[in-house]
Amino acid sequence: TFQGAGPCGVPGGPSVHIRFFTRHDASGHAHEMSMFVQRDSGRLVLEEGVVYSLECPNANVDVWRKGTLVYYLVSDPEGCECLREAIGIGEPTAVLRTK
């Protein structure tokens, strides 16, 4: 369920922050998630079609590029799998390390 959206500034430039939460599924769990979308500045070297796991100590973050946009999916560890499935992206197959 859509919670809201607004401008934001993640590293690399202006972005949009979109918030969702999942409804309780058959097992009774629910998740909140944030997705940040920004133009690809070239700061991260991302191969299109590859989902990356960003090494981040405070959250579970998946990153991918499609065309000229970069997407960051932020969720609790259990939620990312459900949310990736819901939006149609695969499990991360590569790792991005923050500097």
Side-chain angles (χ1 to χ4, degrees):
T1 303
F2 177 72
Q3 286 185 315
C8 187
V10 297
S15 65
V16 64
H17 180 187
I18 308 164
R19 294 194 56 199
F20 295 92
F21 67 89
T22 62
R23 295 184 179 165
H24 292 281
D25 67 6
S27 66
H29 71 275
H31 305 285
E32 290 191 25
M33 60 81 69
S34 287
M35 183 177 296
F36 299 88
V37 182
Q38 74 181 166
R39 289 189 190 270
D40 184 9
S41 67
R43 184 178 68 85
L44 300 173
V45 179
L46 303 173
E47 183 179 332
E48 186 158 356
V50 175
V51 179
Y52 298 83
S53 176
L54 179 66
E55 284 190 343
C56 181
N58 301 321
N60 197 12
V61 183
D62 295 336
V63 181
W64 68 96
R65 179 178 63 83
K66 184 166 184 168
T68 61
L69 298 176
V70 176
Y71 299 84
Y72 303 83
L73 176 64
V74 182
S75 177
D76 59 273
E78 296 80 23
C80 271
E81 183 177 347
C82 297
L83 297 165
R84 281 193 309 267
E85 184 177 314
I87 61 176
I89 65 163
E91 191 169 322
T93 57
V95 176
L96 284 175
R97 290 176 174 75
T98 57
K99 296 180 181 180

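These numbers were taken from a predicted model, which means no experiment stands behind them. Numbers here simply count residues along the sequence, with the first being 1.
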**Q.** CG on D40 to CD on E48, rounded to 0.5 Å
**A.** 9.5 Å
Q) With a 4.5 Å limit on heavy-atom distance, are the side chains of L73 and W64 in contact? A) yes
Q | Student check: side-chain heavy atoms of Y52 and L46 closer than 4.5 Å | A | yes
**Q.** Exam field: side chain Q38 to backbone G13, donor-acceptor pair closer than 3.5 Å
**A.** yes
Q: Check the pair V70 / V37 against side chain to side chain contact (heavy atoms under 4.5 Å, CB included), numbers first and verdict last.
A: CA-CA 6 Å; V70 176; V37 182; over 6 Å; no
Q) Mind checking whether R65 and Y71 have side chains closer than 4.5 Å, heavy atoms only? A) no
(Q) Suppose we screen for side chain to side chain donor-acceptor pair (under 3.5 Å). Which residues come up paired with S53, at least two apart in sequence or across chains? (A) none
Q | Contact summary for A94 and V50, nearest pair of heavy atoms | A | CB-CG1, 4.1 Å
Q.
Please tell me whether F2 and M35 are part of a single hydrophobic cluster in this structure, the criterion being side-chain heavy atoms less than 4.5 Å apart.
A. yes
Q: Determine, stepwise, if the pair R19 / M33 fulfils side chain to side chain contact (heavy atoms under 4.5 Å, CB included).
A: CA-CA 6 Å; R19 294 194 56 199; M33 60 81 69; over 6 Å; no
Q: Can you measure from OG (S34) to NE2 (H17) and round to the nearest 0.5 angstrom?
A: 3.0 Å
Q) side-chain contact (heavy atoms from CB on, under 4.5 Å) with L54: which of L44, V95, V63, V74? A) V63
Q) Would you say the side-chain atoms of S15 pair up with the backbone N or O of F36, donor to acceptor, closer than 3.5 Å? A) no
(Q) Taking atom CZ as the centre, does R43 end up with more than 12 heavy-atom neighbours from other residues, nucleotides or ligands that are less than 6.0 angstrom away? (A) yes
Q.
Looking at every non-hydrogen atom in both residues, tell me the closest pair between D62 and P92 and how far apart they are.
A. OD1-CG, 3.3 Å
